[in-house]
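Owing to the predicted nature of the structure, the values given are computational and were not obtained by experimental measurement. Residue numbers begin at 1 in each chain, while the letters A, B, ... track the order of the sequences.
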Amino acid sequence: MNFADRIRAELKRAALSIGAPSNIDPLVERPRDPMHADWASNIAMVLARPLKRKPAEIATAIRDAISLADAGVDRIEIAGPGFLNFRLDPAAVANTVRDIVAANENFGRGSEGEHCPVVVEFVSANPTGPLHVGHGRQAALGDAISSLLEWTGWHVSREYYYNDAGVQIDNLELSVRAHIDAGDGEAVIPEGGYHGEYIREIASRYDASTLETVRNFAVRALRAEQDLDLQAFGVQFDTYYLESSLYIDGKVRETVERLIANDQTYEKDGALWLRTTDYGDDKDRVMRKSDGTYTYFVPDVAYHVTKWQRGFTRAINVQGADHHGTTTRVRAGLRALHMGIPEGYPEYALHQMVTIVKQGDEVKISKRAGSYVTVRDLIDWVGRDAVRFFFLMRKGDSPLIFDVDLALSQSEENPVYYVQMAHARMSGIFRVGELDAAKMDISAVDLSVLTEPEEQDLIKQLIDFPAEVDGAAKALEPHRITAYALDTARLAHAWYHKHHVLGEPAPVMSARLALARATQIVIRNTLGLLGISAPERM
RNA sequence: GCGCGCGUAGCUCAGCUGGAUAGAGCGUCGGCCUCCGGAGCCGAAGGUCGUGGGUUCGAAUCCCGCCGCGCGCACCA
C-alpha cells in the first residue's frame with residue numbers, strides 16, 4: 001500500500017473516532033510546495049461545518065488520534081487554516097526502494113481496468129498519401145494512451161480505420177491514371193487530386209498486364225507505404241478495419257434501414273436526412289445524397305456499431321481537432337439506432353496541429369509528399385525516440401511546435417537526451433562497478449541509510465510513478481508522463497552529481513546501488529510506456 | 001454569426017478532480033567546478049495567471065460577459 005492510501009486510511013479511522021460522518025472520504029494530496037509537507041489533507045476544514053467545530057480544533061483532535069507508524073509518518077503538523085501536514089518517516093520512504101526493485105518491470109502497473117475491453121482508434125489516415133506529422137502526433141498519442149490503459153489493467157485493441165471507399169479514393173485513382181496517361185509528359189492532375197511525387201512513382205510502377213485495377217494497385221501501394229511509416233515509428237495495430245468492408249458486409253445498409261425503421265429520418269430535397277438535432281447536433285445531417293451515395297458519416301456510424309458489437313463497451317478515438325465537428329453527429333447516429341449505446345460513446349481524445357521548425361523557420365514541404373512534411377522525414381532527421389517524446393511533451397489541447405534543432409541536440413537541453421542520459425548513468429554505475437543490476441539481491445540491504453535530501457526526494461518521486469500512470473490513464477493525457485520522466489531525470493541527475501555510489505563504505509554503497517537500480521527501473525518503465533528506448537549507454 | 005479549444009515569467013510550456021507564498025526548462029545576471037560519464041553545479045532576478053464580474057472559508061482551476069488567437073461550421077472525408 002502506498003503512503004497516500006496509508007495516510008488516508010489512518011485519517012479516516014481518526015476522523016470517525018472523533019465523530020465524523022461515516023461516509024467521509026479524506027482527500028490526501030501532495031502540496032504544491034514540498035516545503036510544507038510530503039502529504040497534506042484538508043479534512044479538518046471539510047469537517048468544520050458538519051461537526052460545528054473550528055478547523056484547528058478538529059485538526060488537533062485528529063492528529064492526536066492518528067497512529068504515526070501505521071501511516072508511515074514521522075510527524076504531523078497543523079498549518080494555515082487547518083491543513084494537516086504529514087512528513088514521511090525517512091526509513092519508511094527508503095524501504096520502498098525494495099518494493100520497486102522487487103516489482104521491477106511491473107512497477108507502475110495497476111488493475112483498475114479489470115481486463116475490460118477497450119478499442120483505441122488512431123491515425124486512420126486515408127490511403128491517399130504518406131503519413132504527415134499530424135498523423136505522427138496522433139500515432140504517438142494513440143499508442144501512449146493505449147499503453148497507459150494497458151498499464152492500468154485494460155484489455156486494449158489498437159485499431160486503424162481505412163477510409164478506402166469514398167471520393168478521395170476516386171481522386172487518388174484519377175491522379176495516378178493521369179500520370180499513366182501522360183507517360184513521360186506533364187500529367188494534368190484533376191480537381192481535388194493528389195500532387196505529390198509519390199503519385200508519379202506509383203504510376204510508374206503500375207503494370208497493366210497484371211489485370212489489377214489502377215484503383216486497387218494505388219490503394220495497396222499506399223497502404224504499404226503507410227505501413228512503412230508506422231514501422232519506422234514502431235507502432236503496431238491489432239486490427240485494420242476497411243471502410244469498404246462495411247459496404248460489402250451490408251453494415252452500411254443495415255444501419256440506414258434501422259435508422260429509417262426507428263423513424264429517425266426524413267426525405268428532403270431528394271436526400272435522406274437524419275434528425276441529429278434530436279441528439280444535440282446544431283443541424284440535421286444528410287445520410288444519402290441526392291445522387292444516391294452515402295455521406296461519409298453513415299459508414300462511420302456503421303463502423304462504430306461494429307465496435308460496440310465486437311464487445312468494446314469502451315471506445316476511444318484519437319483525432320485531430322479539425323475533425324471535432326464530427327463527434328456530435330457520430331454519437332447522435334449511434335443513439336438514434338436505439339441499441340443501448342451510451343451517450344458518451346465513443347470518447348474522443350483530440351489534438352491540435354503540429355508545426356515543424358528548423359533553424360527558426362517553419363518547414364512546410366517535402367520532396368516526396370510535396371505540400372507537407374511526412375512522419376518519415378521527421379524520423380529520418382531526429383530519430384524515433386525524439387519524435388515520440390516531443391509529440392508527447394505537450395497536452396493534446398495545445399498546438400505543438402517541433403524544434404528539429406533541439407531534437408537533434410546531443411546535450412542536456414534536449415529533453416529526450418536528458419531523460420535517456422539519466423537512465424544511462426544509472427546503468428553506467430553497474431557497468432563500471434562490474435555488477436549485474438538485474439541479478440542484484442537487495443533483500444538484506446539496510447536501506448535506512450538513504451537519508452540524504454537528494455535521496456529522499458528521488459525516492460519519493462519514484463514512489464509516485466503508479467499514481468502518475470493512473471492519473472494520466474484516467475485523463476487520457478500521456479504528456480503527464482513525459483513531464484514525470486523529466487522530473488525524475490532531474491532528481492536522478494541531482495542525486496548522481498552530489499553523491500557517489502561506487503567506492504563508498506559497503507553499507508552505503510549497497511543501499512545506493514539499490515536506489516540506482518530502482519531509479520533505472522522507473523525511468524526504463526516510464527520510457528517504455530511512452531514507446532521510447534532506454535539505452536544503457538549513450 | 002454559431003460551436004469547440006487555447007490565452008500563465010523575455011521564450012516554450014506544466015499546474016492532476018478548487019487549497020497554503022503560482023512552478024519547470026531555455027534565456028538573462030552572479031558565483032563555483034573538472035567528478036562513476038562528457039558545456040556540468042549552486043544561487044538570483046523575472047507574474048495583476050488576457051480582462052470584468054459571480055460562486056465560497058479559499059479560484060490559474062468552476063459559472064457568465066468581453067477581448068485576442070486557432071480549428072470547425074458541405075448533399076467533402
Watson-Crick or G-U wobble mate for B:G23, both contacts under 3.5 Å: B:C13
Pair A:R425, A:H493: side-chain N/O donor-acceptor within cut-off below 3.5 Å: yes
Parallel, tilted or perpendicular: rings of A:Y303 and A:Y161 (30°, 60°): parallel
Sugar-phosphate, base or nothing in reach of A:K283, heavy atoms under 4.0 Å: sugar-phosphate
Nearest-angstrom distance from the residue atom CG of A:L172 to P of B:A77: 15 Å
Whole angstrom value for the distance that separates P of B:C71 from CZ of A:R137: 14 Å
Plane angle bin for A:Y160 and A:Y240 - parallel if under 30°, tilted between 30 and 60°, otherwise perpendicular: tilted
Nearest-Å distance once atom C1' is located in both B:G68 and B:C49: 16 Å
B:A14 to B:G5 separation - P atoms, rounded to the nearest Å: 16 Å
Of residues 512-527 of chain A, the positions that come close to RNA chain B - non-hydrogen atoms, cut-off under 4.0 Å: none
Touch class at under 4.0 angstrom, heavy-atom based, for A:A40 against every strand present: base
Note: A:D385-A:R388 ion pair, threshold 4.0 Å (strictly below): no
Nearest-Å distance for atom pair CG/C1', residues A:L246 and B:A77: 15 Å
Distance, P atom - from B:A22 to B:A44, rounded to whole angstrom: 16 Å
Complementary nucleotide for B:G58 - Watson-Crick or wobble, under 3.5 Å: none
Distance-only side-chain donor-acceptor flag, A:E121 / A:S124, under 3.5 Å: yes
Side chain A:D487 and base B:A24 donor-acceptor under 3.5 Å: no
Side chain A:Q359, main chain A:D405, donor-acceptor under 3.5 Å: no
Nearest-Å distance once atom C1' is located in both B:U8 and B:U48: 12 Å
Integer angstrom distance from the P of B:G58 to that of B:G65: 24 Å
Along RNA chain B (nearest heavy atom to each residue), the more 5'-positioned of A:D322 and A:Q168: A:D322
Proximity to the side chain of A:N42 - top-ranked nucleotide from B:G19, B:C75, B:A77: B:G19
C1' gap between B:U61 and B:G50, integer Å: 16 Å
Value in whole Å for how far the C1' atom of B:A20 lies from CD1 of A:I78: 15 Å
Spacing of the P atoms in B:G7 and B:C62 (rounded, Å): 10 Å
A:T295 (side chain) and B:C75 (base): donor-acceptor pair under 3.5 Å: no
Any strand: nucleotide that pairs with B:C49 via Watson-Crick or wobble, under 3.5 Å: none
Minimum side-chain heavy-atom gap A:R63-A:L84 below 4.5 Å: yes
Euclidean distance, atom CD of residue A:Q319 to atom P of B:A77 [Å, nearest integer]: 15 Å
Sugar-phosphate, base or nothing in reach of A:D269, heavy atoms under 4.0 Å: base
5' priority, RNA chain B, between A:A494 and A:V167 [closest heavy atom]: A:A494
B:G7 pairs with, by Watson-Crick or G-U criteria that keep both distances under 3.5 Å: B:C67
cation_pi(A:R30, A:W39) dist<6.0 Å, angle<=45: yes
Modelled atom types, side-chain donor and acceptor of A:T128 and A:N126, under 3.5 Å: no
Nucleic acid footprint by protein, nucleotides 3-18 of chain B - heavy-atom cut-off 4.0 Å, B for base, S for sugar-phosphate alone: BBSS-----SSSSS--
Pairing nucleotide - B:G72, Watson-Crick or G-U, each distance under 3.5 Å: B:C2
Donor on one side chain, acceptor on other, A:T276 and A:D281, under 3.5 Å: yes
Rounded P spacing from B:G72 to B:C29 in Å: 43 Å
Whether A:F83 stacks on the six-membered ring of B:G19 base, 5.5 Å and 30° limits: no
Value in whole Å for how far the P atom of B:A77 lies from CZ of A:R329: 10 Å
Summary of protein contacts for nucleotides 26-41 of chain B, nucleotide by nucleotide, where a base hit scores B, a sugar-phosphate-only hit scores S (4.0 Å, heavy atoms): ---------SBBB-SS
A:R512 bridged to A:E504 by N-O distance under 4.0 Å: yes
Under 3.5 Å donor-acceptor, A:R331 side chain and A:P346 backbone: yes
Spatial distance of atom OH (A:Y345) from atom CZ (A:R335) [nearest 0.5 Å]: 15.0 Å
Any side-chain donor near an acceptor of the partner, A:Q319 and A:H324, under 3.5 Å: no
Any-strand Watson-Crick or G-U partner of B:C29, both distances under 3.5 Å: B:G43
Nucleotide B:G25, atom P - distance to CG of A:L491 in whole Å: 11 Å
